[in-house]
Amino acid sequence: MQIKIPFKKQQFDAREEAIIDAVNRLLSEKGYDLMTMDDVADAVGIAKGSLYKHFSSKEKLAAAALTRLLNAIVAELDGLSPDLPALAQIRHILAWSLRLRLQGGVPHLPSTSLTLQRSLMLNLEYVMVALKVHKRFHAMVARAREQGALTPLVPDDVLVYTLYSRACDPTMEFLLRDKKFSHEQIVDAMVHATIGGFLSEQARAQF
């Protein structure tokens, strides 16, 4: 039996998605510390009172945006074939995150704001999914090392944190501003430049 979602609930959910989309853009453009609730309400085109019906604080807004991103990463990882070599999985998730960034779906990393870091550590939903992503990334890198694809000169932590940070790399803004390359050319070049330094000699010959 199909459950019909009430129209008001559909409207509420659609507005919430629009709010989180706006938060993503504002976090990228202004950063957490400069973003205000007024900014978000203006970006969505709603009254601030309506915004508070969805999120009671700037901290909860940022946590919702980052939690949605992390859940999307988990879903993308779940969709990968287990037969795909680990290095190919790493390349895929990096390229996927860069394409998402081009669509405005990746805000700045929490490390850009100490205030944001502290508030996120108090958000249980965010912490749980962040730990899940971190474990999945480490497992993926460990499998790539077992398969002989990674150089021993670079520790696993370096590669894992590079995957986080590359999706927020300001290099993309400079490349987009110059308008010399297509989006796919930017993605391919950034993936190649990122992964190349982590490869073993054997994998480098096949890269």
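Treat the numbers as computed from the prediction; the structure is a model and nothing was measured. Note that these values count all heavy atoms, side chains included, but never hydrogens, waters or copies made by symmetry. Positions are given from 1 along the sequence.
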Between atom [atom1] of [X] and atom [atom2] of [Y], what is the distance when rounded to the nearest 0.5 Å?
X	Y	atom1	atom2	value
Phe137	Ile73	CZ	CD1	5.0 Å
Leu61	Met37	CG	CE	4.5 Å
Leu159	Ile195	CG	CD1	6.0 Å
Leu34	Asp39	CG	CG	9.0 Å
Phe198	Arg145	CZ	CZ	10.0 Å
Ile90	Arg143	CD1	CZ	8.5 Å

Report task. Would you sort out whether Ser57 and Glu59 count as a side-chain hydrogen bond (donor to acceptor under 3.5 Å, both in side chains), showing the intermediate values? Result -> CA-CA 5 Å; Ser57 68; Glu59 290 80 8; 3.3 Å; yes
Report task. Check step by step if side-chain contact (heavy atoms from CB on, under 4.5 Å) holds for Val127 and Leu120. Result -> CA-CA 7 Å; Val127 170; Leu120 288 173; over 6 Å; no
Requested in this report: Would you list the pairs meeting ring pair (Phe, Tyr, Trp, His ring centres under 6.0 Å) in which at least one residue belongs to residues 53-88, sequence neighbours left out?
Outcome: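 Matches after skipping sequence neighbours: Phe12-His54.
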Strictly below 4.0 Å, N to O, side chains only: are [X] and [Y] in salt-bridge contact?
X	Y	result
Asp78	Arg136	yes
Arg99	Glu184	yes
Glu173	Arg101	yes

Requested in this report: Sequence neighbours left out, what passes side-chain hydrogen bond (donor to acceptor under 3.5 Å, both in side chains) with Glu201? Give chain and number order.
Outcome: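 side-chain hydrogen bond (donor to acceptor under 3.5 Å, both in side chains) list for Glu201, sorted by chain: empty.
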Side chain [X], main chain [Y], donor-acceptor under 3.5 Å:
X	Y	result
Gln89	Met140	no
Ser97	Ala167	no
Ser56	Tyr52	no

How close do [X] and [Y] get, counting heavy atoms only, and between which atoms?
X	Y	result
Ala43	Leu26	CB-CD1, 4.3 Å
Arg166	Leu98	O-CD2, 3.7 Å
Val44	Ala22	CG2-CB, 3.7 Å
Gly197	Thr151	O-CG2, 3.9 Å
Ala86	Ala144	CB-N, 3.3 Å
Ile46	Arg15	CG2-NE, 4.2 Å

Are [X] and [Y] side-chain neighbours, meaning at least one heavy-atom pair lies under 4.5 Å?
X	Y	answer
Leu199	Leu87	yes
Leu94	Met190	no
Leu102	Leu176	yes
Val40	Met35	yes
His138	Asp157	yes
Lys180	Gln185	no
Leu77	Leu80	yes
Val154	Leu150	no

Query - Residues, nucleotides or ligands: over 12 heavy atoms within 6.0 Å of Gln117 CD - result: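 Check passes, neighbour count above 12.
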If hydrophobic clusters are built from ILVMFWY residues whose side chains come within less than 4.5 Å, do [X] and [Y] share one?
X	Y	answer
Met128	Leu116	no
Phe181	Val187	yes
Leu114	Leu27	no

Requested in this report: Step by step, work out the salt bridge (Lys or Arg N to Asp or Glu O under 4.0 Å) result for Arg68 and Asp21.
Outcome: CA-CA 10 Å; Arg68 187 179 72 171; Asp21 287 341; 2.6 Å; yes
Query - Test side-chain hydrogen bond (donor to acceptor under 3.5 Å, both in side chains) applied to Asp169 and Thr171, step by step - result: CA-CA 5 Å; Asp169 191 334; Thr171 299; 2.8 Å; yes
Report task. Could you pull out all residues at least two apart from Asp188 that satisfy salt bridge (charged side-chain N to carboxylate O under 4.0 Å, His left out)? Result ->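 For Asp188, no residue satisfies salt bridge (charged side-chain N to carboxylate O under 4.0 Å, His left out) once neighbours in sequence are set aside.
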Query raised in the report: Step by step, would you call Leu69 with Asn24 a side-chain contact (heavy atoms from CB on, under 4.5 Å)?
Result: CA-CA 9 Å; Leu69 171 61; Asn24 277 343; 5.9 Å; no
**Report entry** Whether His134 and Tyr164 hold their rings parallel, tilted or perpendicular, with breakpoints at 30° and 60°
**Finding:**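 His134 and Tyr164: parallel rings.
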